[in-house]
Structures are given as structure tokens and as C-alpha cells.
2 protein chains.
Amino acid sequence: MEIRRLRYFKTIADEGQITRAAKKLHIAQPPLSQQLKLLEEELNVTLFERNGRSLILTESGETLYRKTSDILNGIEDTIAEVQAVDSGVKGVLKIGANKSCFAYLLQQITHIRERFPGVQFKIREGDTYTLTKEIYEREIELAIVRLPANDTEFSSVLIPPEPYMFVISDQWEGFCDKDSVYMKDLDGIPLLLLHRLSGKGQFEIVTDEFQRLGFNPNIVVECPDAAMLLSLTAAGTGGTIVPKSTLEAFSQENLRVFHLKDFKVQAEAALLWGKDRFLSKPAREVIANMEELY
Amino acid sequence: MEIRRLRYFKTIADEGQITRAAKKLHIAQPPLSQQLKLLEEELNVTLFERNGRSLILTESGETLYRKTSDILNGIEDTIAEVQAVDSGVKGVLKIGANKSCFAYLLQQITHIRERFPGVQFKIREGDTYTLTKEIYEREIELAIVRLPANDTEFSSVLIPPEPYMFVISDQWEGFCDKDSVYMKDLDGIPLLLLHRLSGKGQFEIVTDEFQRLGFNPNIVVECPDAAMLLSLTAAGTGGTIVPKSTLEAFSQENLRVFHLKDFKVQAEAALLWGKDRFLSKPAREVIANMEELY
DNA sequence: GATTTCGCATATGATTTAAATATGGGAGGT
DNA sequence: ACCTCCCATATTTAAATCATATGCGAAATC
């Protein structure tokens with residue numbers, strides 16, 4: 001049973017006449033008579049009682065008529081929904097980010113919510129390795145992660161490097177009173193560092209930098225979660241080194257923040273997605289927005 | 001959006017491959033590729049992400065896929081239901097009858113319930129005039145009525161005439177003790193007669209018969225409802241004259257029944273339906289059954 | 001009651017649409 | 001590097017749909 005036939009049938013039933021229905025459908029009368037006949041033959045059912053010039057629905061016809069509206073409306077709704085999803089008006093954006101990149105994620109979510117208020121978000125958190133794997137397995141479309149990352153299978157928008165900041169509790173006694181420090185000032189301070197679950201990451205970058213300057217850092221905590229790290233820091237466990245934007249996302253009370261004057265390495269992050277992957281409208285919008293911003 | 005396309009789409013999604021889907025659909029691969037493309041163009045949406053030889057549903061595609069089953073099932077169910085209604089397996093038989101013809105109606109309902117257990121009944125009760133009007137207005141398909149009736153607009157199956165019976169309460173004192181009586185025996189007995197709301201009917205037939213024999217009946221009740229009539233009779237109000245079958249339908253306690261030896265007129269009834277009207281399967285079955293029986 | 005009007009049905013030719021065959025190209029697998 | 005598998009395009013063939021012309025019967029009008 002083709003939908004055109006159903007639509008024809010409904011119009012005939014509505015108009016109570018083939019001729020009038022044909023006009024409404026912008027076709028000639030004979031093909032409409034023919035299509036009705038074909039529908040009846042296909043269903044092997046008499047749909048209209050023809051008596052002279054009057055058409056009256058049979059019981060089978062009534063039955064079909066009652067269902068027809070549901071079917072046609074269902075199809076129209078489906079088309080509308082599919083197009084809404086495609087246009088990004090509706091849908092789910094599955095996106096991941098490192099905790100330390102949460103500030104960027106926050107920014108993009110805000111942006112998408114303005115452009116496409118109907119879009120839902122499924123957010124994954126994890127280290128760069130985990131998230132790239134999840135892109136590969138299509139569990140997420142996009143990820144905002146700290147570099148380095150395997151970029152042979154991913155396209156990316158680079159986010160401008162941002163400085164690492166040193167953070168320590170404002171209750172910490174005997175620390176310098178300016179707003180920037182040198183690496184040597186950290187000597188002896190217990191350090192809490194971000195640690196990735198696998199692969200080379202910031203932990204290695206920071207420790208390498210210490211080694212370059214000839215220090216041997218006193219690392220007391222390695223933690224993969226930036227929010228936890230800052231919480232521990234605020235509690236006075238020690239000092240930590242995090243990218244600047246991380247501080248914006250997880251702003252915490254009782255923290256003092258310092259520039260690190262001779263810490264040359266900067267935190268690099270990027271928005272990643274699968275090479276040649278189909279991307280939803282919201283995903284494309286995030287990419288476009290990132291490219292414009294950075 | 002044509003259903004064929006939807007079916008094709010669903011098959012492709014199920015099989016995850018155009019080639020395999022084409023085999024399942026018993027068509028060649030190229031037209032299937034083409035139809036998928038046309039569907040995408042029609043919706044202006046990308047349904048599958050094509051990457052080399054793999055087809056993966058996009059979010060829009062997923063959305064469409066989820067709805068497609070509902071739509072296709074809905075259509076199949078509808079077809080099945082329409083055909084069921086047409087074949088009489090399901091449906092509503094709208095039928096009317098005089099109260100005095102209720103025995104025939106009972107018989108036919110029993111018959112249809114055996115043949116088509118799914119059929120529902122809408123029963124109208126009324127006098128012949130009312131019921132023929134209801135046929136004309138399509139409120140009922142069939143009517144079993146006492147004659148005479150306007151037969152220019154109706155087709156009919158005649159039911160063999162049946163004798164009128166005289167009925168009186170068994171509490172009635174001083175009445176004859178045989179099982180048949182003559183009209184003259186009714187002289188003086190208060191009579192309760194069926195009366196139609198309009199047109200000429202049994203009331204006139206019975207009174208005419210009395211006049212033919214030179215009696216002047218003592219009519220104390222005129223009532224259009226046979227069941228009420230018999231109830232009044234059982235209560236000892238008087239005697240009544242009804243067709244034999246009526247007694248079978250509304251069998252009542254405490255009644256004595258007599259043949260009327262010199263009452264020549266017999267009760268005539270018929271099954272009526274609109275000339276050239278479309279009739280449902282159950283209606284046609286009732287007609288066939290009636291024709292066979294009588 | 002004759003005539004006109006209206007609406008459905010059929011027939012035939014034209015147009016559009018779908019399917020089949022043949023073929024090319026790109027991604028995986030060997 | 002080769003072969004295999006699968007999708008896409010091009011072209012031809014078949015089928016379905018539509019339009020035009022026309023006939024027929026029932027209602028409406030005079």
C-alpha cells in the first residue's frame with residue numbers, strides 16, 4: 001500500500017466526491033478513480049458504496065478512514081522530527097572533555113544552548129586516551145582534550161596555548177606575597193599534579209620542566225581529576241600547577257594563583273573529532289565556533 | 001514519502017548493507033542505492049554515514065529508523081483490520097427488528113455469533129415504519145419487520161406466515177379448558193393489542209378480522225411493545241393476540257396459549273434491506289441464512 | 001418528461017518513475 | 001600489490017501514473 005493512495009483515499013472520503021477530491025489534489029479525475037479502484041483491488045475490499053453519483057464509505061472504508069489520519073500524521077511527524085534532528089534544532093550532542101578542559105566545554109555548551117535550545121548533551125569525562133577511543137567507537141562525536149593526542153585518525157581545531165598557573169591555599173604560610181613566582185620558589189613545596197590514566201600528558205610535561213631546571217619536585221599527590229586536585233589544594237595539602245582555564249571552570253575559594261615566570265611549556269588543548277566522520281549539526285556548530293574563536 | 005522507500009530504508013538499516021538488503025528485497029543493488037539517495041534528497045537529510053564500504057546511521061537516520069517500524073506496523077495492522085472488517089470477522093452489524101419479530105432476530109444473532117464471533121451488534125427496536133426509515137438513513141443495514149411495508153425501496157426475504165395465537169393468564173377464571181378457541185370465545189374478554197406507532201399494522205389486521213366476523217372487540221390496551229404486552233397479559237389484565245414466534249422470544253410464566261381456529265389472517269414478516277445498498281459481510285450472511293431457512 | 005448538468009468509469013496515448021544491466025572506483029582483506 | 005567486496009553512476013528497459021477524450025447514468029432544472 002502506497003502512501004499516495006492513502007492520501008488520495010482520505011481526500012476522496014473527506015470530499016465525498018472523486019471529482020472535487022481530484023481538484024484538491026491537482027490531478028485529473030480519471031486517474032483518481034483508477035487509483036481508488038487499485039487500492040480496493042489491492043486490499044480486496046470495497047471501500048465506497050457507489051450509488052449513482054454518491055460515494056458512501058462502507059464499514060471497511062470507515063475503518064480504513066479512521067486509521068488513515070493516524071498513519072498520515074505519524075509520517076508527517078516523523079519527517080518533521082528527522083529534519084529537526086538533522087537541522088540541529090533537536091538531538092543529542094555527545095561530547096567529551098578532560099576535566100582540565102572543562103572551561104572550554106562549558107563555553108561550547110552555553111553557545112549551543114543559545115543556538116539550538118532543543119539539543120541535549122551527553123557529556124563524557126576522561127583522559128585524552130580514553131576520549132579519543134570513545135570518538136573512535138562513536139560513543140562521542142567531539143572531545144576537547146589536552147595534547148598531545150594521536151592525530152592521524154582525528155581532525156582538530158587547536159586551542160591557543162595557555163599558561164600554567166601555580167595555585168596554593170591562601171592559608172599557606174610563608175609563601176611569597178607577589179602574584180608571580182619562579183620555579184625555584186616551589187622547591188620544597190608539596191606538589192599535587194594532574195596525572196593521566198595512560199599515555200604521556202601534563203604530568204610528564206611538568207616533571208620534565210622541573211628536570212630541565214634541575215629541580216627534583218616533591219610530588220605528594222597524583223590525581224587524574226582537576227576538580228579534586230583544586231579541592232585538595234584549597235584544603236592546604238600543597239600547591240598545584242594547572243592550566244589557567246581550569247581555574248575558571250572550577251573556581252574555588254581560598255586559593256592564591258601565581259604566574260610561573262620561567263615555566264616555558266604551555267598547556268595545549270584541541271577540539272577533536274573523527275576524520276571523515278559524519279557530524280551532527282550541533283557538532284559542526286561547535287567546530288565552527290571554535291575555529292572562529294581561536 | 002512513499003512507503004516503499006521507508007521499507008527499503010528499514011531493510012538497509014537492518015542489514016547494514018545495501019547489497020544484502022537488495023537481495024532480501026529481491027531487487028538489484030543499484031536501484032536500491034538510488035532509492036536511498038532519493039529518500040535522503042526528499043527529506044534533505046543524510047541518513048547514513050558512508051565510509052568506504054560501511055554504512056552507519058546518522059542521528060537523523062536513527063530517528064527515522066526508530067519511527068519506521070511503528071509506521072510500517074501501523075500500516076500492516078490497518079490493512080489487516082480493514083480486511084477483517086470486510087470479511088466479517090470483525091465489525092458491527094446494525095440491525096433492527098420489531099419486538100414481535102424478536103424471535104427471528106435472536107435466531108440470526110445466534111447464527112452470526114457462530115460464524116463470526118468477532119462481530120458486534122447494534123440493535124434497534126421499533127415499528128416497521130421507524131425501522132424502514134432507519135434503513136434509509138443508514139442507521140441500520142437490516143430490519144426484520146412485520147408486513148406490510150413499503151417495498152419499493154427495499155429488497156426483502158419473506159418469512160413464512162405464522163399463525164396468531166391467543167394468550168391469556170392461567171389465573172383467568174372461567175375460560176375454556178381446551179388448547180384452541182374460536183373468535184367468538186373472546187367476546188367479552190378484555191383485549192390487549194400490539195399497536196404500531198404509525199402506518200397500518202397488526203392492530204388493524206386483528207380489528208379488521210373481528211369486524212369480518214361481526215364482533216366488536218373489547219380493547220383495553222394498545223401497546224407497541226410485545227414484551228410489555230405479554231407481561232400485562234401474565235398479570236391478568238386480559239387476553240392478547242400475538243404471532244406464535246413472539247411467544248418463543250418472550251416466554252413468560254403463567255400464560256395459557258390457544259390456537260385461533262377461525263382467525264384466517266396470519267402474521268407476515270420479512271427481512272428488509274435497502275435496494276442496491278452495500279451490505280457488510282455479516283449482513284449478507286444473515287440474508288443468505290434467511291433465504292436458506294425460508 | 002425532456003433537457004441539461006454533474007460525476008463516475010473506461011480507453012488510449014504521453015510522461016514520469018522505478019528497475020535491470022553494465023561499469024567504474026575506493027576501501028578492506030590476503 | 002593484488003583481489004575482493006560494496007557502493008555509486010550511466011544507460012536502457014519496463015512499469016506505473018497521469019492527462020485527454022469520451023460514454024453512461026443519475027440527479028437537477030425547466
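Only heavy atoms go into these numbers, but all of them, side chains included; no hydrogens, no water, no symmetry mates. Each chain gets a letter, A, B and so on, in the order the sequences are listed, and its residues count up from 1.
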* For E134(A), which of K94(A), R124(A), K122(A) qualifies under salt bridge (charged side-chain N to carboxylate O under 4.0 Å, His left out)? ->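 For E134(A), the salt bridge (charged side-chain N to carboxylate O under 4.0 Å, His left out) test succeeds with only one of K94(A), R124(A), K122(A), which is R124(A).
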
* Asked: Which nucleotide, dA19(C), dC8(C), dT20(D), lies nearest any side-chain atom of A28(A)?
  ->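 Between dA19(C), dC8(C), dT20(D), the one nearest the side chain of A28(A) would be dT20(D).
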
* **Nucleotide nearest T19(A) (side chain, heavy atoms from C-beta), chosen from dG7(C), dT20(D), dA8(D)** =>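 Closest nucleotide among those given: dG7(C).
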
* To do: Report yes if some heavy atom in the side chain of D14(B) is under 4.5 Å from a heavy atom in the side chain of Y65(B); otherwise report no.
  =>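 A side-chain contact exists here, since the closest heavy-atom pair is under 4.5 Å.
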
So does [X] get a side-chain nitrogen or oxygen closer than 4.0 Å to the phosphate oxygens (OP1/OP2) of [N]?
{"X": "K37(A)", "N": "dC8(C)", "result": "no"}
{"X": "R4(A)", "N": "dT17(D)", "result": "yes"}
{"X": "S33(B)", "N": "dC7(D)", "result": "no"}

Rounded off to whole Å, could you give me the [atom1]-to-[atom2] distance for the [X] and [N] pair?
{"X": "I56(B)", "N": "dC6(D)", "atom1": "CD1", "atom2": "P", "answer": "15 Å"}
{"X": "Q35(B)", "N": "dT17(C)", "atom1": "CD", "atom2": "P", "answer": "11 Å"}
{"X": "L36(B)", "N": "dT9(D)", "atom1": "CG", "atom2": "C1'", "answer": "15 Å"}
{"X": "L47(B)", "N": "dC7(D)", "atom1": "CG", "atom2": "C1'", "answer": "16 Å"}
{"X": "Q17(B)", "N": "dA8(D)", "atom1": "CD", "atom2": "C1'", "answer": "15 Å"}
{"X": "I27(A)", "N": "dC18(D)", "atom1": "CD1", "atom2": "P", "answer": "5 Å"}
{"X": "E49(B)", "N": "dC7(D)", "atom1": "CD", "atom2": "C1'", "answer": "15 Å"}
{"X": "R5(B)", "N": "dA16(D)", "atom1": "CZ", "atom2": "C1'", "answer": "13 Å"}

* Does Q29(B) get its side chain close enough to the base of dA8(D), under 3.5 Å, for a donor-acceptor pair? ->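 Donor-acceptor pair under 3.5 Å: yes.
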
Is a side-chain donor-acceptor pair under 3.5 Å present for [Y] with [X]?
{"X": "E141(B)", "Y": "S280(B)", "answer": "yes"}
{"X": "Q29(B)", "Y": "S33(B)", "answer": "yes"}
{"X": "Q83(A)", "Y": "N44(B)", "answer": "no"}

* Under 4.0 Å between any heavy atoms, over every strand shown, what does F48(B) touch: base, sugar-phosphate, or nothing? Just pick one. =>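 Answer is nothing: F48(B) stays at 4.0 Å or more from every strand.
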
